[in-house]
Amino acid sequence: PSEYDDLRKASPYPFSIAPHKKVSLKLVMAVMRDYLQGTKFDLTRGIAAGPFGTPDRYNPGKGEAAVSGAWERPIALFRTSDSYVV
């Protein structure tokens, strides 16, 4: 959902859901690479992308601590070195 009441107490997403079609290895690998591209939460566009249009979020600078809130967190992270599909 794009709007929440209180993330600490609300349950905006179900624990699990049944897939609409068979889940393939290729699909799981694509999901693990996702950084919300093409959605309204796309981290390569707007202010969230920074000056270089990157979805990566490195350690915040001094000024960022003064701003309340947080960035969206993509599934794919630059610091993920390995992902296993079992």
Side-chain angles (χ1 to χ4, degrees):
S2 60
E3 297 179 15
Y4 303 104
D5 292 330
D6 185 345
L7 286 178
R8 294 171 294 165
K9 297 176 184 173
S11 297
Y13 298 108
F15 171 73
S16 64
I17 59 171
H20 296 273
K21 61 182 180 178
K22 186 175 179 179
V23 177
S24 67
L25 177 60
K26 187 174 183 178
L27 176 61
V28 173
M29 292 172 64
V31 168
M32 296 301 288
R33 287 192 287 271
D34 189 23
Y35 53 91
L36 310 174
Q37 62 273 32
T39 71
K40 68 179 183 177
F41 303 110
D42 191 340
L43 299 174
T44 63
R45 298 180 183 274
I47 193 167
F52 307 109
T54 179
D56 297 331
R57 299 292 168 264
Y58 300 100
N59 292 335
K62 294 178 183 177
E64 193 167 344
V67 178
S68 64
W71 297 109
E72 296 294 332
R73 186 210 183 269
I75 296 169
L77 295 174
F78 71 93
R79 59 184 177 262
T80 302
S81 60
D82 298 293
S83 294
Y84 299 92
V85 180
V86 180

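Hydrogens, waters and symmetry mates play no part in the numbers below; they use all other heavy atoms, side chains included.
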Please tabulate, one pair per line, all N/O donor-acceptor pairs under 3.5 Å involving side-chain atoms of residues 27-37, not counting sequence neighbours.
{"unit_1": "D34", "atom_1": "OD1", "unit_2": "L36", "atom_2": "N", "d": "3.0"}
{"unit_1": "Q37", "atom_1": "OE1", "unit_2": "Y35", "atom_2": "N", "d": "2.9"}

Requested in this report: Kindly state each residue pair satisfying salt bridge (Lys or Arg N to Asp or Glu O under 4.0 Å) with at least one member in residues 22-32, sequence neighbours excluded.
Outcome: none
Query - Partner residues of S16 under the side-chain contact (heavy atoms from CB on, under 4.5 Å) criterion, sequence neighbours left out - result: none
Sequence neighbours excluded and cut-off under 3.5 Å, please list the side-chain donor-acceptor pairs for residues 42-51, or say none.
{"unit_1": "D42", "atom_1": "OD1", "unit_2": "T44", "atom_2": "N", "d": "2.9"}
{"unit_1": "D42", "atom_1": "OD1", "unit_2": "T44", "atom_2": "OG1", "d": "2.7"}
{"unit_1": "D42", "atom_1": "OD2", "unit_2": "G38", "atom_2": "N", "d": "3.1"}
{"unit_1": "D42", "atom_1": "OD2", "unit_2": "T44", "atom_2": "OG1", "d": "3.4"}

